[in-house]
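Take a look at the following structure, please.
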Amino acid sequence: MSSRLFDLTGRTALITGSSRGLGRAMAEGLAASGAAIVLNGVDAGRLAEAAAELRRIGYTVHEACFNVTDEEAVLAAFARLDESGVAVDILVNNAGIQHRQPILDLATEDWRRVIETNLTSAFVIGREAARRMVTRGHGKVINIGSLMSNLGRATVAPYTVAKGGIKMLTKAMAAEWGELGIQANAIGPGYMLTEMNKALIDNPTFNAWVVGRTPQRRWGTPDELVGTAVFLASKASDYVNGQIIYVDGGMSAVL
Ligand code: NDP
């Protein structure tokens, strides 16, 4: 009984930004729980490599190479999935970028780029996925937020605004789509070891701050998001809706 609660056999999951990092780890975890997966990224070579590696394990892997900020490309990708009979039951809005600069020096163009990539894409791709989920009467949307969904920090204003927006978009989706059979939730990862954080990991002062500030005294690893992603993608979370679950080693729980 308990294993079936988390079984994703027969489901298909689209994970944006899954050629590497957290998206890649969540894609692999969803596939290990039985889902077919649709990988996404902008770099076609990196995407093909990730897809080939996961196929070698024996997973069913589709590739959808598109830029999440390009609405036409998003619509075309969904049309291609429709044509090939691939129905997305689980959407993980994960693609994201960081841009670190004080507000006083920040160009509007960089502000827009971060908001478009981290927030507007989740609305557009969420809408396209949900339009199709509605016709089947079920669906799971998992938006990737951050500790910055709830807390500010110097030099990352557009990221903080986008991730705060992700938390509220998740609530808006839950409010409108609950009665349609779709649950929308978010994951707020803490400081995780990925390329996005390379500059921070390599900075001894920042590294010491993360380790000292986190009750578990270490950074998180990408595979540590898998359990929560599988939970939110599965039947086990059928009455969980509009929530953000922080996976952060306890950082957001303490001062
Ligand atoms: P990485 O930089 O390691 O990977 C980013 C992924 O997103 C890549 O697959 C990249 O594809 C893809 N991507 C970036 N821009 C686009 C785009 N415009 N269109 C399509 N795909 C795109 O990031 P992380 O794995 O660290 O982060 C993933 C998510 O988790 C982000 O939303 C991030 O904000 C969030 N997060 C990360 C934390 C961390 O500590 N790492 C903490 C909290 C939240 P490609 O390979 O083609 O460039």
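Remember, it's 1-based here, ligands and their atoms both numbered in the order they're listed. Keep in mind the model is a prediction, meaning the values are calculated, not measured.
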Which heavy-atom pair separates Ala25 from Val226 by the least distance, and what is that distance?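 The pair with the smallest heavy-atom distance is O-CG2, 3.4 Å.
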Centre-to-centre under 6.0 Å for Tyr159 and Trp111, is that the case here?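 No, ring centres 6.0 Å or more apart.
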What part of Lys163 sits under 4.0 Å from ligand 1 if we count only heavy atoms: the side chain, the backbone, both or neither?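 The answer is the side chain.
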Nearest to atom 7 (O) of ligand 1, what protein heavy atom do you find, and at what distance?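 Of every protein heavy atom, Gly17 CA, 3.3 Å lies nearest to atom 7 (O) of ligand 1.
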Mind checking whether Gly145 has a heavy atom under 4.0 Å from ligand 1?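 Heavy atoms of Gly145 do come under 4.0 Å of ligand 1.
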For Val68, counting its heavy atoms only, list the atoms of ligand 1 lying under 4.0 Å from any of them.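 Checking each atom against Val68, I get 17 (C), 18 (N), 19 (N), 20 (C).
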Answer with yes or no whether Ala25 contacts ligand 1, where contact means a heavy atom under 4.0 Å from a ligand atom.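 False for this residue.
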Looking only at the aromatic ring of each residue, does the gap between the centers of Phe66 and Phe78 stay below 6.0 angstrom?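 Aromatic pair excluded; centres sit 6.0 Å or further apart.
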Closest protein heavy atom (residue, atom, distance) for atom 1 (P) of ligand 1: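 Nearest protein contact, heavy atoms only, for atom 1 (P) of ligand 1 is Arg20 NH1, 3.8 Å.
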For ligand 1, is Gln98 a contact, meaning one of its heavy atoms is under 4.0 Å away?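 Heavy atoms of Gln98 never come under 4.0 Å of ligand 1.
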Ile144 heavy atoms, cut-off 4.0 Å: which ligand 1 atoms fall inside?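 Answer for ligand 1: 30 (O), 35 (C).
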Return the option from Ala27, Pro189, Ser149 holding the heavy atom at the smallest distance from atom 43 (C) of ligand 1.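 Checking each option, the heavy atom nearest atom 43 (C) of ligand 1 is found in Pro189.
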For atom 33 (C) of ligand 1, what's the nearest protein heavy-atom neighbour? Residue, atom name and distance, please.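 Of every protein heavy atom, Tyr159 OH, 3.5 Å lies nearest to atom 33 (C) of ligand 1.
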Subset of ligand 1 atoms that lie under 4.0 Å from at least one heavy atom of Ser18: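 By the 4.0 Å cutoff, the relevant atoms are 9 (O).
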For atom 28 (C) of ligand 1, find the nearest protein heavy atom and state the residue, atom name and distance (0.1 Å precision).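 In this structure, atom 28 (C) of ligand 1 has Asn94 OD1, 3.2 Å as its nearest protein heavy atom.
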Could you tell me whether Asp43 approaches ligand 1 through its side chain, its backbone, both or neither, with non-hydrogen atoms closer than 4.0 Å?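 The part of Asp43 near ligand 1 is both the backbone and the side chain.
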Any N or O on Asn197 sitting closer than 3.5 Å to an N or O of ligand 1?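 Min N/O separation from ligand 1 is below 3.5 Å for Asn197.
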Of Gly96, Gly23, Gly21, which has the heavy atom at the shortest distance from atom 5 (C) of ligand 1?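 Heavy atom nearest to atom 5 (C) of ligand 1 belongs to Gly96.
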Starting from atom 18 (N) of ligand 1, which protein heavy atom do you reach first, and at what distance in Å?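 Closest protein heavy atom to atom 18 (N) of ligand 1: Asn67 OD1, 2.9 Å.
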For ligand 1, note which part of Arg46 has a heavy atom under 4.0 Å away: side chain, backbone, both or neither.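 For Arg46, only side-chain atoms sit under 4.0 Å from ligand 1.
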Within this structure, what is the CD1-CD1 distance for the pair Ile187 and Ile142, rounded to the nearest 0.5 Å?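 Output value for this atom pair is 5.5 Å.
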Atom 24 (P) of ligand 1: the protein heavy-atom neighbour that sits closest, reported with distance to 0.1 Å: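 In this structure, atom 24 (P) of ligand 1 has Thr194 OG1, 3.7 Å as its nearest protein heavy atom.
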Test your reading of the structure: does Ile97 have an N or O sitting under 3.5 Å from an N or O of ligand 1?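 So ligand 1 has no N or O lying under 3.5 Å from an N or O of Ile97.
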